[in-house]
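In the text below, chain A, chain B and the rest are named by the order of the sequence lines, each starting its count at 1. Note that these values count all heavy atoms, side chains included, but never hydrogens, waters or copies made by symmetry.
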Number of protein chains: 2
Amino acid sequence: MDCLKELIREVPDFPKPGINFYDITTLLKHPGGLRTTIDEFARLFHGRVFDKVVGIESRGFLFGPQLAYAFHAGFVPVRKPGKLPADAVSEEYALEYGTDELQMHRDAVEKGERVLIVDDVIATGGTAEATARLVESCGGTVAGFGFVVELGFLNGRGRLEGYPVESLVRY
Amino acid sequence: MDCLKELIREVPDFPKPGINFYDITTLLKHPGGLRTTIDEFARLFHGRVFDKVVGIESRGFLFGPQLAYAFHAGFVPVRKPGKLPADAVSEEYALEYGTDELQMHRDAVEKGERVLIVDDVIATGGTAEATARLVESCGGTVAGFGFVVELGFLNGRGRLEGYPVESLVRY
């Protein structure tokens, strides 16, 4: 979607030198850009059925509830440790140096439910993969991954082999 | 909206002893609860015109883009320091002990634009008030505040006097 790409701002050296950051705030602040992003995101999965949409903190929250609404599904947040108030399951994932952790309420996804996992960007795929493990540890089935931006050169898709993966804008 | 209240989970002593946390994840995971929340939230402001909807990190992200879509507006995130990649304005707000800070991209809101500010909960109103100052420092007009949950006993509404304030569920 080249019309969306034109609305994404590239910020060099953020959050650190040598990294080119794809800033979707310029896309979201444009009424037509926001509308097209949501409509096209939903169209990527047209005709499929999901029980839950899972969004990864915090930019996955920008799209998850809206897709859940579109698919008549419920929305489930995956958060950093200490943010969820009730009993939660945890999964670790690797960072460049060390590890980090994601959590999901244990009662958020039920056995056999079909789940769509969404985030703004897929880079190396580490958080997406950890989120799939959270869903599966509760008995859910990961029926798809959706991203606004895919950094193809980092091959996060390779890490999600076997799952349907869709994205709107590729670099 | 008592039907929404029934879907909100009360978690005692979170995040610390003596605090009763109103957990909206149980509302969001329910397809009908999510749908009614969004529809009624939009209905609170029916007939009004907004150029931008501003959502406060991170639970304001759950509702902001969807309301922006409904009002044919753009969406703008207000974030904690260090998260926004481009030039940003900052405002401090008071915590129980000390202060914290919120930021918004300087080019996110233009002079004269009418802005709706949304968040999941209004408690003391400190972050909402700081967000209004961010919008006004860029020349925008705060045309309304919308919250899913209002903790009336903390009187955050008193702090937002002069602005239209709407909420779906009150405690």
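Considering only heavy-atom pairs separated by less than 4.5 Å from chain B, the leading option among A:Pro65, A:Pro85, A:Pro31 is A:Pro85.
Here the two rings, on A:Tyr171 and A:Tyr22, have centers that are under 6.0 Å apart.
Between A:Arg43 and A:Glu40, at least one side-chain N (NZ, or NE/NH1/NH2) sits under 4.0 Å from a carboxylate O, which counts as a salt bridge. Salt-bridge annotation for A:Arg157 and A:Glu150: present, with a side-chain N of the basic residue lying under 4.0 Å from a carboxylate O of the acidic one.
You'll find the side chain of B:Ser58 stays beyond 4.5 Å of the side chain of B:Arg79, heavy atoms only. A heavy-atom distance below 4.5 Å is not found between the side chains of A:Val54 and A:Val142. Residues B:Val118 and B:Val53 are in side-chain contact: their nearest non-hydrogen atoms beyond the backbone lie under 4.5 Å apart.
Of the two parts of A:Asp107, the backbone and the side chain both hold a non-hydrogen atom closer than 4.5 Å to a non-hydrogen atom of chain B. For A:Phe61, the parts lying near chain B are the backbone and the side chain together; criterion is any non-hydrogen pair under 4.5 Å. Heavy-atom distances place both the backbone and the side chain of A:His72 under 4.5 Å from chain B. Residue A:Lys29 touches chain B through both its backbone and its side chain, counting heavy-atom pairs closer than 4.5 Å. In this structure, chain A has a heavy atom under 4.5 Å from the side chain of B:Phe14, while its backbone stays farther away. Only the side chain of A:Pro77 comes within contact range of chain B, with at least one heavy atom under 4.5 Å from a heavy atom of that chain. For A:Ala73, the part lying under 4.5 angstrom from a heavy atom of chain B is the backbone only. The part of A:Phe21 that comes within reach of chain B is its side chain, from C-beta onward, which places non-hydrogen atoms under 4.5 angstrom from that chain. Of the atoms belonging to A:Glu57, it is side-chain heavy atoms, and not backbone ones, that fall under 4.5 Å from chain B.
By the 30° and 60° cut-offs, the orientation of the rings of B:Phe63 relative to B:Phe41 is tilted.
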